[in-house]
Amino acid sequence: MDDRDAALLRAHEHAAAWLDSLATRPVPPRAGVADVVAALGTDLPDGPSPAADVVDLLATACGPGLTAMPSGRFYGMVIGGSHPAALAADWLTSAWDQNSALRTVTPAHTAVEDVTSAWLLELLGLPASGAVGFVTGATTANFTALAAARGEVLRRAGWDVRRDGLTGAPRVRVLVGAERHESVDLALSYLGLGAPEVVAADDQGRVSVVALEEALADPPSPSDDRGSTSRDLASTSRDRGSAPAPTIVVLQAGNVHSGAFDPFGPAVEVAHRHGAWVHVDGAFGLFAAASPTYRHLVAGYEGADSWATDAHKTLNVPYDCGLAIVADPAPLRAAMGMHGDYLIQSEAGDPLDKVPELSRRGRAFPVWAVLRALGRSGVADLVDGFCRHAATFADAVRALEGEVLHDVVFTQVCAAFGDDARTQDVVRRVLDDGTAWMSGSRWHDRAVLRVSVSSWATTDADVAVSVGALGRAVAATRA
Ligand SMILES: Cc1ncc(COP(=O)(O)O)c(C=O)c1O
């Protein structure tokens, strides 16, 4: 056996041992950063080592510091597991090592990307002519789609941002709900658009359409503008009469705390009536559209102009994989496309025209694999299963005399157990117990215990033992 095969075999053995351990191992890591650094050693080696030995060292040094995120008992943040088909395809992606930027140079990946894009658009009920960029995650998907939005609303206002930049450009208004994910603000900051205008949300975290309409009808006057660029503006919608200011409205499918969905039908209608581009951040919630039972949550969202989601959340593809979807491919290509004389580019457009990177791995392979493995009904069952488990957690919280702070409409549950100190104590005890991982947070000015069900691996038995752990934590705080 040569060095390569020995290394791959060892990697397979370590991976299988890790995956086998997930059913029973505690979720939290046993070792901290310093322990892992000590086990790895810090001296840069003077010379080569056999690849298999390197794999062994990596696996044994890192093992204790691994968190069982792909286990069925991890409910922190919004963390999807890795479906076996997607995981195996991800291994092949690394072995094939295709730089997937160009249509004709890596035809296998382009073919898979084309097929996968069409499947995604069909599954999500989005316009079949849309463009899908395979990016690293929802933050980058928000950035990518909002770059298309920025370019297009400025183009309509007679400004070429790619050529002329933002200095002296008409001010782009961006309106977001009060409970949008912070990654939207980060994406806007990358784009030089500054802090957005914040529109009130209701008790579930859904944007208020009345407040959105009022804000759209009443743009800030130049004296409200922040910064010199804004003040130097040639025009706002007020002083230009009826011409609307370049405007982007960001809506949300899936609130990270409550799981709530914005009221897309009326919100999209109001935003479009005011000439705005509508973007939907649906990092985990977009896949509600793939379930006949939960599709009603996104009703009307197909009328938006762009959408961001993750394949590494609800779809259970390994990290890192997000999807930037734009209904009209032209603004996306205008924002992302590039040319290099040394590149063999295609008239039909290349994958690089849809993403911020030039070089990138073949991200469509694992997405294709999970969709091929699950099919339409399998994706729906996946989503329905997450929601069913979330409802079980909510019932358990109530049975433990906790308070569920919102309507449980999707995969998220936020709960409180009396005052903040006690809720935080419950979170700490659940984490110390190690059976399950549920993260703490603050929502509507209260400390909360958050449960996010996002892994294909979660079974009824996982939920039962996790509820048991929660019950022990709550009982201990009673004492
Ligand atoms: C609604 C929403 N948008 C964006 C993100 C950011 O996603 P990512 O971590 O993949 O960049 C998240 C993460 O949980 C989210 O819930």
Are more than 12 heavy atoms from other residues, nucleotides or ligands located less than 6.0 Å from atom NE2 of His12? no
List in chain and number order the residues that pass ring-ring contact (aromatic ring centres under 6.0 Å, His included) with His83, two or more places apart in sequence or in another chain; answer none if no residue qualifies. Trp456
Locate the shortest heavy-atom distance separating Ala271 from Leu216; write the atom from each residue and the value. CA-CD1, 3.8 Å
Would you call Thr110 and Pro351 a side-chain contact if the rule is heavy atoms closer than 4.5 Å? yes
Do Val409 and Leu297 touch side chain to side chain, with heavy atoms closer than 4.5 Å? yes
Nearest heavy-atom neighbours spanning Gly80 and Asn316: C-OD1, 3.9 Å
Does a side-chain N-to-carboxylate-O contact under 4.0 Å join Arg103 and Glu347? no
Taking the side chain as every heavy atom from C-beta outward, state whether Ile248 and Asp305 have any pair of such atoms under 4.5 Å apart. no
I want to check something: taking the side chain as every heavy atom from C-beta on, are Phe410 and Ser258 in contact at a cut-off of under 4.5 Å? no
Under 3.5 Å, is there a donor-acceptor pair between the Asn142 and His181 side chains? no
Any chance the side chains of His312 and Asp320 put a donor and an acceptor closer than 3.5 Å? no
Please confirm whether the backbone N or O of Leu352 pairs with a side-chain atom of Asp350, one donor and one acceptor, at under 3.5 Å? no
Taking every heavy atom of Pro318 against every heavy atom of Pro366, the minimum-distance pair comes out as CD-CB, 4.4 Å
Could you check if a side-chain atom of Leu166 sits within less than 4.5 angstrom of a side-chain atom of Val161, using non-hydrogen atoms only? yes
Verify, without hydrogens or angle tests, whether Arg450 (side chain) and Met77 (backbone) share a donor-acceptor contact under 3.5 angstrom. yes
Is a side-chain donor or acceptor of Asp56 paired with a backbone partner of Val54 at a separation under 3.5 angstrom? no
Residues, nucleotides or ligands: over 12 heavy atoms within 6.0 Å of Arg295 CZ: yes
Salt-bridge contact Arg361-Asp90 (side-chain N to carboxylate O under 4.0 Å): yes
What I'd like to find out is whether the side chain of Leu343 reaches to under 4.5 Å of the side chain of Met338, using heavy atoms alone. yes
Side-chain atoms of residues 46-53: list all donor-acceptor pairs with protein atoms under 3.5 Å, sequence neighbours left out, distances to 0.1 Å.
none

Lys/Arg N to Asp/Glu carboxylate O, Arg360 vs Glu113, below 4.0 Å: yes
Heavy-atom check, side chain of Ile79 versus side chain of Lys313, under 4.5 Å: no
Identify whether the distance between the nearest side-chain nitrogen and carboxylate oxygen of Arg206 and Asp262 falls below 4.0 Å. no
For the residue pair Trp18 and Ser21, establish whether any side-chain heavy-atom pair is separated by less than 4.5 Å. yes
Would you please test Cys387 and Tyr294 for side chain to side chain contact (heavy atoms under 4.5 Å, CB included) and show each step? CA-CA 9 Å; Cys387 297; Tyr294 292 94; 3.1 Å; yes
Are Asp35 and Arg30 ion-paired here, with the side-chain N under 4.0 Å from a carboxylate O? no
Which residue in the set Phe134, Trp368, Phe365 passes ring pair (Phe, Tyr, Trp, His ring centres under 6.0 Å) when paired with His109? Phe365
Do Gln412 and His257 have side-chain N/O donor and acceptor atoms under 3.5 Å apart? no
Enumerate, atom names and distances included, each donor-acceptor pair closer than 3.5 Å involving a side-chain atom of residues 118-132, sequence neighbours excluded.
unit_1, atom_1, unit_2, atom_2, d
Glu122, OE2, Arg376, NH1, 2.5
Glu122, OE2, Arg376, NH2, 3.3

